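Count residues from 1 along the sequence. Since the model is a prediction, treat every value here as computed from it, not as a measurement. Just so you know, ligand 1 is whichever comes first in the structure, and atom 1 is the first atom listed for that ligand.
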Amino acid sequence: MSAQIIDGKAIAQKVKQEVAEAVARRVAAGKSRPGLATVLVGDRVDSATYVRSKQKACEELGMVSFSHHLPADATQEQVEGLVRELNADRRVHGILVQLPLPPHLNEERILQAISIEKDVDGFHPVNIGRLAQKGREPLFIPCTPNGCLYLLEQSGVPIEGAHAVVLGRSNIVGMPAALLLIGKNATVTVCHSRTRDLPAIIRQADILIAAIGKAEFVRGDWVKPGAAVIDVGINSKPDPNAPKGYRLVGDVHFDEVKEVAGWITPVPGGVGPMTIAMLMKNTLRAAELQEP
Ligand code: NDP
């Protein structure tokens with residue numbers, strides 16, 4: 001039996017529509033438009049593409065975006081100085097520093113400089129710390145893992161009591177995804193590059209979140225029949241038949257796994273659109289917190 005395909009694009013569109021309606025109501029009530037400042041340091045093509053799509057989403061939803069681009073050799077003081085200016089700017093409700101930063105910069109200090117009320121990516125140590133503690137509420141939850149949980153919930157996947165396996169332990173996806181699942185009362189196993197016998201662990205998963213950045217890594221016979229599989233990976237795979245000579249694939253071998261799983265997200269069109277939708281939701285929330 002083939003898995004139910006979770007349509008991230010459609011679910012994200014619905015979230016964005018709700019955000020656009022709430023923005024319109026705010027503006028009609030005489031309040032400011034939510035504003036998102038993006039900070040891009042350097043010239044990574046992928047980072048520039050992600051930032052552009054975030055700015056475009058702001059415009060579509062009636063929000064304002066403020067774009068800041070610093071050179072690859074920007075100093076720590078320049079980046080932190082810009083963040084402090086944005087903290088003080090009342091038109092800016094959310095600040096997004098696009099990661100990864102060039103290696104000479106201290107990422108932790110820069111993320112810590114963002115005012116937690118404007119931390120729409122949810123990466124400030126205080127927000128992450130609250131996510132990790134029982135009974136504490138972060139102001140903002142990181143967008144990609146929050147999008148993964150939203151897809152599971154919207155698809156009716158039971159989370160409480162389920163065994164969830166998270167493949168990857170990065171600060172931006174794997175670890176916060178694991179914390180969110182624990183918060184929803186799943187029993188969570190986190191796997192990484194030193195984990196032994198991954199297939200045996202993955203076979204136990206009722207829910208699998210794959211976020212390692214390895215094309216089509218998870219095979220069909222590793223997956224428990226009926227499991228919910230959320231594929232975060234974005235990898236390019238050479239394909240002479242594709243117009244660009246490559247196509248995007250996830251960390252999961254989609255064609256094999258869809259024959260075994262109960263639910264699966266496609267790549268593209270699964271988690272990717274949710275990340276932006278959740279960022280828009282967080283930016284609206286930031287505006288509502290700062291100017292109720
Ligand atoms: P990172 O490179 O920061 O982390 C990768 C993680 O995977 C690490 O924890 C690493 O383990 C683990 N890992 C790597 N190789 C293996 C392996 N062979 N077996 C088991 N674990 C392994 O990646 P990110 O978390 O930033 O991103 C993961 C993927 O998600 C990428 O493809 C990225 O493009 C995508 N992504 C998609 C987003 C979206 O919006 N859809 C947003 C963000 C990321 P260790 O810790 O031991 O090194």
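For atom 11 (O) of ligand 1, the candidate residues are Cys191, Ala215, Gly233, Ser193; the nearest heavy-atom contact is made by Ser193.
Only the side chain of Lys214 comes within 4.0 Å of ligand 1, counting heavy atoms alone; its backbone N, CA, C and O stay farther away. Contacts with ligand 1 closer than 4.0 Å are made by heavy atoms of both the backbone and the side chain of Ile212. With a heavy-atom cut-off of 4.0 Å, Leu198 touches ligand 1 through its side chain alone. At a heavy-atom distance under 4.0 Å, no atom of Asn171 approaches ligand 1.
For the pair Gly272 and ligand 1, a heavy-atom separation below 4.0 Å is found. Residue contacts with ligand 1 include Ala211, since one or more of its heavy atoms lies under 4.0 Å from the ligand. Using a non-hydrogen distance threshold of 4.0 Å, Val232 registers as a contact of ligand 1.
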Under 3.5 Å, side-chain donor or acceptor atoms of residues 14-24 against the rest of the protein: list the pairs with distances, not counting sequence neighbours.
| from | atom 1 | to | atom 2 | distance (Å) |
| --- | --- | --- | --- | --- |
| Gln17 | NE2 | Glu21 | OE2 | 3.0 |

Show me the donor-acceptor pairs within less than 3.5 Å that the side chains of residues 267-276 make with the rest of the protein, sequence neighbours left out.
| from | atom 1 | to | atom 2 | distance (Å) |
| --- | --- | --- | --- | --- |
| Thr275 | OG1 | Thr144 | OG1 | 3.0 |

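Here's the thing with Arg194: none of its N/O atoms is less than 3.5 angstrom from an N/O atom of ligand 1. Below 3.5 Å of separation, one finds an N or O of Ile234 facing an N or O of ligand 1. The shortest N or O to N or O distance between Ser170 and ligand 1 is below 3.5 Å.
Distance from atom 17 (C) of ligand 1 to its nearest protein heavy atom, with residue and atom name: Phe217 CZ, 4.1 Å. Regarding atom 26 (O) of ligand 1, its nearest protein heavy-atom neighbour is Ile172 CD1, 3.6 Å. In this structure, atom 39 (C) of ligand 1 lies nearest to the protein heavy atom Thr275 OG1, 3.7 Å. Closest to atom 20 (C) of ligand 1, if we only count protein heavy atoms, is His192 O, 3.2 Å. Ranking the protein heavy atoms by distance from atom 42 (C) of ligand 1 puts Thr144 OG1, 3.4 Å first. Atom 8 (C) of ligand 1 has Arg169 N, 4.0 Å as its closest protein atom, hydrogens excluded (heavy atom only). Scanning the protein heavy atoms around atom 29 (C) of ligand 1, the nearest turns out to be Gly213 N, 3.6 Å. The closest protein non-hydrogen atom to atom 27 (O) of ligand 1 is Val173 CG2, 4.5 Å.
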ask   = Step by step, would you call His93 with Thr283 a side chain to side chain donor-acceptor pair (under 3.5 Å)?
value = CA-CA 7 Å; His93 301 101; Thr283 306; over 6 Å; no
request  = Applying side-chain contact (heavy atoms from CB on, under 4.5 Å), run through Leu208 and Ile202 and close with a yes or a no.
outcome  = CA-CA 7 Å; Leu208 172 67; Ile202 291 174; 3.9 Å; yes
inquiry  = Is there a side-chain contact (heavy atoms from CB on, under 4.5 Å) between Val260 and Trp222? Walk through the geometry before answering.
reply    = CA-CA 9 Å; Val260 186; Trp222 299 11; over 6 Å; no
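Proximity of Ile6 to Gln154: side-chain heavy atoms (C-beta onward) are nowhere separated by under 4.5 Å. Between Pro100 and Ser47 there is a side-chain heavy-atom pair separated by less than 4.5 Å.
Asp206 and Lys224 make their closest contact through OD1-NZ, 2.7 Å (heavy atoms, listed as atom of the first residue, atom of the second, distance). Of all non-hydrogen atoms in Asn235 and Gly250, the two that sit nearest each other are ND2-O, 3.0 Å.
For atom 2 (O) of ligand 1, the nearest protein heavy atom lies 4.0 Å or farther away.
For Arg203, the CZ atom sits in a packed shell: over 12 heavy atoms of surrounding residues, nucleotides or ligands are nearer than 6.0 Å.
Within the listing of ligand 1, atoms 32 (O) sit less than 4.0 angstrom from a heavy atom of Asn235.
In this structure, the side chain of Arg26 engages the main chain of Ser32 through a donor-acceptor pair within 3.5 Å. Between the Gln78 side chain and the Thr75 main chain, a donor and an acceptor come within less than 3.5 Å of each other.
The side-chain hydrogen bond (donor to acceptor under 3.5 Å, both in side chains) with Thr38 is formed by just one residue from the set Gln55, His68, Gln98, Arg52; it is Gln55.
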